[in-house]
Amino acid sequence: MSKSYRKVVALLFTCVMASGLLMAQSDLGTISGYVKDPSGAVVPNAQVTISNRTGIQRRATTNESGFYAVTNLPPAFYTVTVEAPGFQKYQSTENKLDPSAHLNVDAALQVGTTTQTVEVKALAAQLQTESAAVQKNVTRQQIDALELNGRNPIYMAQLVPGVRGGTLASLNFGMTLGPGNINGQRNQMSLITYDGA
């Protein structure tokens with residue numbers, strides 16, 4: 001009886017320890033930035049509203065450094081509105097938040113009344129300066145247009161600049177590992193997600 005009891009305790013202990021090593025995955029992202037006046041000084045206590053077309057609306061207030069951050073946002077196109085007393089209302093539209101991404105939207109307020117609005121449309125992709133992470137979403141049309149050897153979608157990673165595949169003999173990686181290496185890092189350091197999760 002004592003041997004089976006020890007086995008159960010050892011198994012339970014192993015499961016508890018292994019659960020601490022597991023990392024949760026999420027497709028939720030973050031929008032943050034700084035709010036400044038025309039001279040470049042930060043604007044504390046500005047009201048920031050982030051919303052999208054599906055009805056999600058989150059509010060934040062800038063801290064004493066003029067910084068705001070809104071977390072746990074699903075991927076979508078967002079409108080960022082900033083209001084502060086003595087300044088025109090600032091609005092930035094069509095800000096694309098990708099799955100698990102961090103989007104930086106800084107606001108430069110203009111002096112004026114709150115009835116005036118300065119609208120900015122985010123057309124060009126913004127340079128990501130907060131993180132060294134590189135990510136790219138592949139659309140369904142791109143997948144359909146490509147011929148994939150063995151119908152493994154991971155092979156498409158070799159089409160991205162910075163990805164170095166191995167020889168044909170080494171193209172036997174699974175669905176959790178990528179090709180040879182990405183931007184010089186080890187294969188185990190790459191994270192591959194499916195539909196953002």
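Please read these numbers as outputs of a predicted model, since none were measured by experiment. The figures here come from the full heavy-atom set of this structure, side chains too, leaving out hydrogens, waters and symmetry mates.
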Side-chain donor/acceptor pairs under 3.5 Å, residues 35-42, sequence neighbours excluded:
residue: D37; atom: OD1; partner: S39; partner atom: N; Å: 3.1
residue: D37; atom: OD1; partner: S39; partner atom: OG; Å: 2.8
residue: D37; atom: OD1; partner: G40; partner atom: N; Å: 3.1
residue: D37; atom: OD1; partner: A41; partner atom: N; Å: 2.8
residue: D37; atom: OD2; partner: S39; partner atom: OG; Å: 3.4

Can you give the donor-acceptor pairs under 3.5 Å from side chains of residues 66-78 to other protein atoms, not counting sequence neighbours?
residue: Y68; atom: OH; partner: V105; partner atom: O; Å: 2.6
residue: Y78; atom: OH; partner: P74; partner atom: O; Å: 2.6

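No donor-acceptor pair closer than 3.5 Å links the side chain of D106 to the backbone N or O of G33.
The residues E94 and R53 are annotated as salt-bridged, a charged nitrogen and a carboxylate oxygen being separated by less than 4.0 angstrom.
Minimum heavy-atom separation, T62 to V43: OG1-O, 2.9 Å. Taking both residues in full, the closest heavy atoms of E64 and P44 are given as CA-CB, 3.9 Å, listed atom of the first, atom of the second, then distance. In terms of heavy atoms, A108 sits closest to Y90 at O-CD1, 3.8 Å.
With L97 as the partner, the side chain to side chain contact (heavy atoms under 4.5 Å, CB included) test is satisfied by one option alone out of I31, I50, N52: I31.
Rounding to the nearest 0.5 Å places NZ of K89 at 13.0 Å from CD of Q47. If you take CD on Q91 and OG on S51, they are separated by 7.5 Å, rounding to the nearest 0.5 Å. Taking CG of L103 as the start and NZ of K96 as the end, the distance is 11.0 Å to the nearest 0.5 Å.
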Would R59 and V48 satisfy side chain to side chain contact (heavy atoms under 4.5 Å, CB included), going step by step from the backbone distance to the final call?
CA-CA 6 Å; R59 298 181 189 276; V48 180; over 6 Å; no

